[in-house]
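Read the numbers this way: they start at 1 and go in the same order the structure lists the ligands and their atoms.
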Amino acid sequence: MRSDKRKDDEFRSVKIKLNVVKSALGSCYFEMGKTAVIAATYGPQDVKPKHLEDAEKGIIMCNYNMLPFSVEGDRKRPGYDRRSVEISKVVKESLEPAIFLEEYAKYLINIDMQILQADAGTRVVAINAAALALACAGISMRDIVSAVAVGRANGKILVDLTKEEEDAEDAIDTPIAIMPKFGEITLLQMDGIASVDDMKKIIKQGEAACQKIAELQRNALKNGIHSI
Ligand code: UDP
């Protein structure tokens, strides 16, 4: 039994609010259990510095940042570190395949993600929020991007690990993002040592959970624009 009584293949409860940032064209608050993120998009706008401009396609810049009060226990040192640079990069790479970048040649789209509360899975929740913020901003996309972390803790394959589960001795943590319409994986990372069999199970469970998350994302978009 998991400490929050979830089934092994169940993700935490999700709350979504769209267009929560007045000054941004598109934004989203995405909560999954005790992990909560706000994502906001700016642009398409001119690329600065100009030499970064691409005549063939648009440029995406992602900024992932964990707020000092987002973590349990000690305050997180404010500002960027190696982890946030890595996560900004993988989030960008997980979103890019879903965007018709060729429609935004010479332009830049910024996506800022602030982690308000962290209880594991912040990068995947940031991806879910960012994909919805892009859709709210009317950015042309071939699909939404849906993400979840699947892994192993205490000998079991579990969907959407909490920090407590991630800290288990035998833990594997595998963040996965997919484009649900095409069933294509856009992010697959792994922390830990897994057998090929475990990896197959993890990917299968990850895809199934992402499809359910995609349903929630689509519902949020269909049900109109909500503001806090
Ligand atoms: N964490 C923390 N302080 C940090 C970085 C991470 O407390 O400076 C915690 C936080 O709960 C985070 C978890 O460790 O969600 C797992 O971090 P990881 O790097 O695996 O990325 P995530 O699972 O959040 O995508």
All N/O donor-acceptor pairs, side-chain side in residues 43-50, below 3.5 Å, sequence neighbours left out:
{"unit_1": "K50", "atom_1": "NZ", "unit_2": "E53", "atom_2": "OE1", "d": "2.8"}

* Minimum heavy-atom separation for C62 to V91, with atom names? -> SG-CG1, 4.2 Å
* **Backbone or side-chain N or O of V124 under 3.5 Å from ligand 1 N or O** => no
* To do: Would you mind telling me if ligand 1 is within reach of the side chain of K163, the backbone, both or neither, using heavy atoms under 4.0 Å?
  => side chain
* Does any N/O atom on G121 come nearer than 3.5 Å to any N/O atom on ligand 1? -> yes
* Shortest non-hydrogen separation from A129 to C28 and the atoms involved -> O-CB, 3.5 Å
* For ligand 1, is there an atom lying under 4.0 Å from some heavy atom of P175? -> no
* Asked: Quick one: which of R123, E166, Q189 has a heavy atom closest to atom 25 (O) of ligand 1?
  -> R123
* Nearest protein heavy atom with distance in Å, relative to atom 24 (O) of ligand 1 -> T122 OG1, 2.5 Å
* To do: Considering heavy atoms of the protein only, find what lies nearest to atom 4 (C) of ligand 1 and give residue, atom and distance to 0.1 Å.
  => M66 SD, 4.1 Å
* Can you find a heavy atom in the side chain of D160 that is under 4.5 Å from one in the side chain of R6? -> yes
* Structure fact -> Per-atom filter on ligand 1: closer than 4.0 angstrom to a heavy atom of A118 are 10 (C), 11 (O), 15 (O)
* If we only count N/O pairs under 3.5 Å, is K76 in contact with ligand 1? -> no
* **side-chain hydrogen bond (donor to acceptor under 3.5 Å, both in side chains) against E184, all qualifying residues, sequence neighbours excluded** => none
* Can you find an N/O atom of Y64 closer than 3.5 Å to an N/O atom of ligand 1? -> no
* Asked: Any side-chain heavy atom of N65 within less than 4.5 Å of one from S88?
  -> no
* Identify, by atom number and element, the atoms of ligand 1 in contact range of D173, meaning under 4.0 Å from any of its heavy atoms. => 20 (O)
* To do: Would you please test R12 and T35 for side chain to side chain contact (heavy atoms under 4.5 Å, CB included) and show each step?
  => CA-CA 9 Å; R12 293 171 284 184; T35 293; 3.9 Å; yes
* Asked: Hey, does the side chain of D119 reach the backbone of T162 with a donor-acceptor pair shorter than 3.5 angstrom?
  -> no
* To do: Write out the residue and atom name of the closest protein heavy atom to atom 7 (O) of ligand 1, then the distance separating them to 0.1 Å.
  => V71 CG1, 3.3 Å
* Asked: Is there a path of hydrophobic side-chain contacts, each under 4.5 Å between heavy atoms of I, L, V, M, F, W or Y residues, that connects I178 with L187?
  -> yes
* Structure fact -> among protein heavy atoms, the one nearest atom 19 (O) of ligand 1 is R83 NE, 2.7 Å
